[in-house]
Number of protein chains: 2
Amino acid sequence: MIKFKNNEYQCSMELTIALIGGKWKALILWHLGDKTLRYSEMRKVIPNVTPKMLTQQLRELEDSGLVKRLIYTQIPPKVEYSLTKAGQSLLPILDTMCKWGQNYANEYEHNMQELKLAKEE
Amino acid sequence: MIKFKNNEYQCSMELTIALIGGKWKALILWHLGDKTLRYSEMRKVIPNVTPKMLTQQLRELEDSGLVKRLIYTQIPPKVEYSLTKAGQSLLPILDTMCKWGQNYANEYEHNMQELKLAKEE
DNA sequence: CACCAAAGTATCTAATTGGGTACTATATAA
DNA sequence: TTATATAGTACCCAATTAGATACTTTGGTG
C-alpha cells in the first residue's frame, strides 16, 4: 500500500501508471527528453493534441513534479517546458517501454504471419 | 509510427501504455507473475475490482496475447489464468515501474518534509 | 426437489476523459 | 488603426471507462 497526494495504491506500479498513463503524458515526457520546448512547439510535435488537453496534461505533469514550467514575462507570451530531475529519471523506463512495444508489435506481426501461412497449407 | 490491431501509434511506447495502462491491467499482470490464478482467486487478491471489470480486462489482456486462459470443462466451472511468454517479458518493466514509483513517492514525501520544515523556520 | 459452487452476463447508471471551436489579453509592428 | 503572435481559457458535448447489483448456467449433493 502506497500513498501519494490523497490517493492510495495497492502497488507503487499503479502510482507510476497513474502518473504517466493516459493518452498524452508519456508522449509529452518522451518528446521533452532532454530538450526544452515552448507550448507552440509542443503542439507541432504532437499535432493531434488539442490545446485544452495539452494544457491540462502539462499542468498535471507539473503538479506531479515531472515537468518544469518557465514563464518569460513578455508579450507575446513565452513559456518553456522541460523535465525536472524526477522527470528525467523516467526516461530509461520510457525507453524500455518503447523498445518492448516495438518488439511486441513485431513479434505479433510475425506470429500472425505464421498462423496465416499455416492456414494456407 | 507503429500499427497494432487497427490502431496507429506515434511511438511504440504509446502502444505499451495502451496494452498495460488503465486501472487494472498492470495490477492483474503483476499479481499473476509466474503463478496461475483462478477467476475467484483473482477477485480475492484484487478485492476492489468488480466482476465485470475483471472479466473485461482479462479478455483484453487475452486478446493482446499477454494472458492465457485455460478452461476446464467441468461443473462448477474452473478457469485458470496465467501469463503468456509475452506477458512474462513484461515483468521486468513492471518491476522497474514499481521501484520507480516507490522511490518517487518517497522522494516526494521527503521534499515536502523539507518544504514544511523550511516554512516553520 | 431445492440448493450450491464458479465463472461469469446483463442492465443501468456514474464518473472520468477527451474533443471542437471560439475567445482573450496585450505589446509591438506595419 | 489594424493586424499579429503566443499561450492559453471557456463552454459545451461525445466517448470511454468504471461501478453496482442482480441474474444465469448446470451437474452434483443432501
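Throughout, a chain's letter reflects where its sequence line sits, starting with A, and its residues are numbered from 1.
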Please report the distance, rounded to the nearest Å, between OH in Y72(B) and C1' in dG8(C).
18 Å
Protein-nucleotide distance (L37(B), atom CG; dA6(C), atom P), rounded to Å:
15 Å
May I have the step-by-step check of salt bridge (charged side-chain N to carboxylate O under 4.0 Å, His left out) for R38(B) and E80(B), ending in yes or no?
CA-CA 4 Å; R38(B) 295 178 64 173; E80(B) 284 182 348; over 6 Å; no
Using a strict cut-off of less than 4.0 Å between a Lys/Arg side-chain nitrogen and an Asp/Glu carboxylate oxygen, indicate whether D63(A) and R59(A) qualify as a salt bridge.
no
Say you draw a straight line from NZ of K3(B) to OH of Y108(A); how long is it, rounded to the nearest 0.5 Å?
15.5 Å
For DNA chain C, whose closest nucleotide is more 5', that of I75(A) or that of K23(A)?
K23(A)
In terms of relative ring orientation, are Y81(A) and Y39(A) parallel, tilted or perpendicular, with 30° and 60° separating the classes?
tilted
Touch check for Q57(A), heavy atoms < 4.0 angstrom, all strands: base, sugar-phosphate only, or nothing?
sugar-phosphate
Review item, nucleotides 6-10 of chain D N/O atoms under 3.5 Å of protein N/O:
residue: dT6(D); atom: O3'; partner: R38(A); partner atom: NH2; Å: 3.1
residue: dT6(D); atom: O3'; partner: P77(A); partner atom: O; Å: 2.8
residue: dA7(D); atom: OP1; partner: R38(A); partner atom: NE; Å: 2.9
residue: dA7(D); atom: OP1; partner: R38(A); partner atom: NH2; Å: 3.1
residue: dA7(D); atom: OP1; partner: V79(A); partner atom: N; Å: 3.2
residue: dA7(D); atom: OP2; partner: S40(A); partner atom: N; Å: 3.1
residue: dA7(D); atom: OP2; partner: S40(A); partner atom: OG; Å: 2.8
residue: dG8(D); atom: OP1; partner: R59(A); partner atom: NH2; Å: 3.0
residue: dG8(D); atom: OP1; partner: R69(A); partner atom: NH2; Å: 2.6
residue: dG8(D); atom: OP2; partner: Y81(A); partner atom: OH; Å: 2.7

Using whole Å, what does the distance between atom C1' of nucleotide dA18(D) and atom CD1 of I28(B) come to?
13 Å
Please answer whether the main-chain N or O of C11(A) pairs with a side-chain N or O of E14(A) as donor and acceptor at a distance below 3.5 Å.
yes
Within this structure, what is the CE-to-P distance between M53(A) and dT21(C), rounded to whole angstrom?
16 Å
Does dT26(C) have OP1 or OP2 sitting under 4.0 Å from an N or O in the side chain of Q74(A)?
no
For atom CD of E14(B) and atom C1' of dG18(C), their distance in whole Å:
15 Å
Between dT16(C) (P) and Q56(A) (CD): distance, integer Å
13 Å
For the pair made of CD1 in I17(A) and C1' in dT17(C), what is the distance, rounded to whole Å?
16 Å
Between atom OG1 of T96(B) and atom CG of L91(B), what is the distance when rounded to the nearest 0.5 Å?
10.5 Å
